[in-house]
Every structure is written in structure tokens, then in C-alpha cells.
Protein chains: 2
Amino acid sequence: MVKVAEQLVDVASGTPERILLAAERLFSERGIDAVSLREITAAAGVNTAAAHYHFGSKEAVLQELFSLRAQPIADRREQLLSELKPDKSGRPVLEDILVAFLRPGLEALGTPDGMAFSMMRARMAFEREEVRRAALSKAFNRTSEMALKSLAKALPDLPNQTLHWRFHFLLGSMVYTMAMPGRIESITHDGIDTVDPEAALAELVRFAAAGFRAP
Amino acid sequence: MVKVAEQLVDVASGTPERILLAAERLFSERGIDAVSLREITAAAGVNTAAAHYHFGSKEAVLQELFSLRAQPIADRREQLLSELKPDKSGRPVLEDILVAFLRPGLEALGTPDGMAFSMMRARMAFEREEVRRAALSKAFNRTSEMALKSLAKALPDLPNQTLHWRFHFLLGSMVYTMAMPGRIESITHDGIDTVDPEAALAELVRFAAAGFRAP
DNA sequence: GTCTATAGCTGGATAGAC
DNA sequence: GTCTATCCAGCTATAGAC
């Protein structure tokens, strides 16, 4: 309904931006369905009606917020994937593909806003509501297919089905990591309890690369 | 509040069982928060008050349902993990551990009830509400730690932190697989679109085993 | 553009008849 | 034990004053 600043700034100036920032924080803290529009507007210091005026509905707030945050990540991923350099055998290097695919999302974990978005994104991957998974799909489908194509080139002997299974496992590991920053394995308390995005990236790339190369 | 039959049968006889079965189906289809107690009781063909009489609250219905379904899986996992045979070097075999850990959960995907539970379980892993993650934790903590101990024995050279990271990735792949039976990768339509639990198990074991063995 | 006020629902829970 | 009837809190959304 309303054009919102391309980049949300930390100190929100206008009413729409304040609403989006409040929504992002609350959605990530407590989940989407558990947060009411009233809470969002209260946290933003504006009136309930303002959200309806600027966005039209609670779902529209979510969608606007999502695409606003997802776009830069998808763009960066696309850029990195398109810059991949083949090795001397003419094929892209598996590890390079994984880094290009994973880095934009995982490094977002390093900032408070990015962490909030990541948790929201991870949770949306498990949503039943079509409209929400559709937002994810719309934002990231293109780059997922780019990555799959590169992976197929890097691993020419891998059957297509197996490649898809392994890409699926990669997504699971990625999403699970994005869902719980700061508490890797709440199950076992002696685990890793701070998330350094660089460490997460390095560990996941190493793990997945070996997995993709399995016979 | 009320003792429910240890094993839910397909043709539900009593009122509590009918409520649990309806809840299971609806929770898995649409998510927990999106389903009202009224819908559950309507689907079960009983009155709203019946659910409160038998369970006390909607949350209690969920908890009862969860522990009822989780227990057999955890028990089976524990049994399989305790039966692991060491190889000639005296260590458990990585693949055997993975199978023991994953099989009870993944093979549940083969039955309609099991599939419904798996999707509910996967979604609960991403919940913010403490009480729900606590149910997961309570049901599966013990066997997760058993698996971690066996993994440490099978991979004596792997630093503890790395082991935990990789176990975390394993959980992510497992949960992601359990969350979306029948549509591995909705992102790419030419992917795998039916889930044979045995195939999922075999693929995940191969992928993860290679990942755990990465240097 | 931003507010107050309220309409119109839907939710969980319960009291009390049977 | 199982119903009907109802309470009351909370929600989204909107109409209309300013």
C-alpha cells in the first residue's frame, strides 16, 4: 500500500518503519501467530489503525517485512553464485558453491536485525500457510536453482535424485542453524552456545561438502 | 487428568482417544496455533466441554498427544542404540549409530499417524514457547545424549565442538525431512516428490556419515 | 495522516442442567 | 460423563472525528 524505505534504519523515523521494526523483533522473539497486531503497534508506539492504514493487514506487514529483508540476501547470493570461478578442470568448486549459497544468509546472524530476520525466515520454512511459504519461495527459488545447477556441474557423476536429497539436507542444516542462534543444541548443555556466523559457515561447508561428495 | 490408552488405535473408541486423534490430524495439517479447540472437538464429534473435562486445556491435549506418540519412538531408539555392536577395533560403527538414531523417527513417516506426528514434532522443534520445546526435550534428550556418546567413541579424533556442530546439522536434516513428507523440495519441482522412509534413511545416513568423517 | 471508538468475530474456559 | 448455554478476553478491521 505504501512505499517503505529500501533499507530499514536502526533508528526508525517514520511510522511504517517503526511498525516493521517492532514486528520483526516480536515475530522473531515469539513467532508470527503468537503476536497480535495490537502488540506490534503498541511496541512501535503507534496506534493500531496506523498499521492498517499503511499496510492493510497484519499479513501484509509480514509480507512487506519479509521481502524487504530477503531481497538483499537473495541479491547477494545471486551475485556470489554468478561470480564462481571454475577450477582448472573447468568445473566450479563444491566448497565455493556452498559458501556462495550459505554466506549471505548465515552472516546475517551476526547482527541483531539479521538474527531476527533469520529466525523468522527459518520458522516460515515450516509454515503450513501457503501464502507464507510462497513468500520464501518467491524470494529464494531463483538462487536455489542457480545453486543446484552449479552443484550438478561440480558433481557430474551424482545422480539427480541423490543431488536433490543432499540439497534438501543442506537446506535443513542451514535453516536449523538460522532458527536458533546463540543456542546450538539446547538439548545438550555442554555444546556450543555462542554462534559465530563465520564458524557456522565454515563448519557447515565442511560437513556438507563431505556429504555431497559421498559415493 | 485422565489416563489414556497407551496406544491410540485407528478406530477411536472413547471420547479422549477421539479427541487426540482429531487433534493430531489437525495440528499436523495446519499447525498448532492455527487450530482451535473448537475445531478439534467438532472434528472428533464431541463437545468442546468434553476436551476440558478430559484434559483440562488445549495445551494439555497437545502435551498428552505428544508424549503418547514420542514415547515409543524414544524407546525404540534407546533400544537400538543400546544394542550397537562394536567392530573389531572395539568402536561402534558410525553408520550403525546413525541408523539407530534416525530409524525410529523416520520410519514413522511411513504411516499416516506417524507422518502427522512427525510433522508436529518437526514444527515443535522451532517453537518459541518453552513448554513445547520442553516436551521435545523431555522425550528425546536422553537418547540424543546416548547417540552423542556413541558418536564420540566412533570418532575419537573429532574435537568435541566439531562433533556438536555436526550433530546439530544432523538434527536439522532430520527435522527438515520429517517436516515435509511427500514433498521433498517444494522449491524445485523436478525434485523427489514421494518419500520412501527407507530411501530417506539411506540417503541421510550416507550424507551424514560422510559429513561426520570430514577432516 | 493519525487518532478514538467500536463493530463484529472467534477463542478458551466454565457453570450448571441432565 | 456429557451436554447446552454463556462468560469474557482478545483479535482484526473499520468508520469517522480531528
Side-chain angles (χ1 to χ4, degrees), chain A residues 1-5 8 12-27 29-66 120 123 127-132 135, chain B residues 1-5 8 11-27 29-66 120 123-124 127-132 135:
Chain A
M1 307 207 90
V2 131
K3 260 283 186 154
V4 173
L8 281 180
S13 39
T15 299
E17 289 82 3
R18 294 167 62 91
I19 292 170
L20 289 173
L21 281 174
E24 180 166 53
R25 187 171 57 77
L26 288 168
F27 285 156
E29 278 174 12
R30 310 220 310 272
I32 296 169
D33 289 326
V35 173
S36 70
L37 195 54
R38 290 165 122 86
E39 290 177 277
I40 294 169
T41 51
V46 302
N47 191 275
T48 324
H52 281 104
Y53 174 76
H54 289 290
F55 298 98
S57 72
K58 173 185 167 182
E59 192 64 33
V61 172
L62 172 65
Q63 295 283 334
E64 177 68 27
L65 173 59
F66 184 82
M120 201 178 81
R123 198 164 286 143
E127 284 276 349
R128 283 311 256 178
E129 283 204 51
E130 192 50 46
V131 64
R132 293 188 192 163
Chain B
M1 305 206 93
V2 131
K3 259 280 184 155
V4 173
L8 282 180
V11 182
S13 39
T15 299
E17 288 82 4
R18 294 167 62 92
I19 293 169
L20 288 174
L21 281 175
E24 180 167 53
R25 186 171 57 77
L26 288 168
F27 285 157
E29 279 174 12
R30 309 220 310 270
I32 296 168
D33 290 325
V35 174
S36 70
L37 194 54
R38 290 168 124 87
E39 291 177 276
I40 294 170
T41 50
V46 303
N47 192 275
T48 324
H52 280 104
Y53 174 76
H54 288 291
F55 299 98
S57 73
K58 172 184 167 181
E59 192 64 33
V61 172
L62 171 66
Q63 296 283 334
E64 177 68 27
L65 172 59
F66 184 82
M120 201 177 80
R123 199 164 285 144
M124 282 173 71
E127 285 275 351
R128 284 312 258 178
E129 282 203 51
E130 192 49 47
V131 65
R132 293 190 191 160

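Each chain gets a letter, A, B and so on, in the order the sequences are listed, and its residues count up from 1.
- Which of dC3(D), dG1(D), dC3(C) sits closest to the side chain of Y53(B) comes down to dG1(D).
- Nucleotide dT10(C) holds its P atom 17 Å from the CD1 atom of I40(B), rounded to whole Å.
- The nearest heavy atom of DNA chain D to E39(A) and to N47(A) marks one nucleotide each, and the one closer to the 5' end goes with E39(A).
- Applying the 4.0 Å criterion to OP1 and OP2 of dG10(D), one finds that S36(A) has every side-chain N and O outside that range.
- Following rounding to the nearest Å, H54(A) (NE2) and dT14(D) (P) show an atom-to-atom distance of 15 Å.
- Put simply, CZ on R18(A) is 11 Å from P on dT2(C), counting in whole angstrom units.
- Here dT6(D) presents its C1' atom at 10 Å from CZ of R38(B), a figure rounded to the nearest Å.
- Within the structure, every side-chain polar atom (N or O) of T48(B) is placed at least 4.0 Å from both OP1 and OP2 of dA13(C).
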Between side-chain atoms of residues 40-48 of chain B and protein atoms elsewhere (two or more places apart, or another chain), which donor-acceptor pairs fall under 3.5 Å?
unit_1, atom_1, unit_2, atom_2, d
T41(B), OG1, L37(B), O, 3.1
T41(B), OG1, R38(B), O, 3.0
N47(B), OD1, A49(B), N, 2.9

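- Between the C1' atom of dG11(C) and the CG atom of D33(A) lies a distance of 14 Å, rounded to the nearest Å.
- Between V131(A) and E59(A) there is a side-chain heavy-atom pair separated by less than 4.5 Å.
- For A49(B), the side-chain atoms get nearest to dA15(C) when compared with the rest of dA15(C), dA13(C), dT2(D).
- Of the candidates dA13(D), dT2(D), dA13(C), the closest approach to any side-chain atom of K58(A) belongs to dA13(D).
- Within the structure, every side-chain polar atom (N or O) of H52(B) is placed at least 4.0 Å from both OP1 and OP2 of dA15(C).
- Here the C1' atom of nucleotide dT2(C) and the CD atom of E17(A) are 15 Å apart, to the nearest Å.
- For the pair L20(B) and E24(B), the minimum side-chain heavy-atom distance is 4.5 Å or more.
- In this structure, K58(B) contributes its side chain and H52(B) its backbone to no donor-acceptor pair below 3.5 Å.
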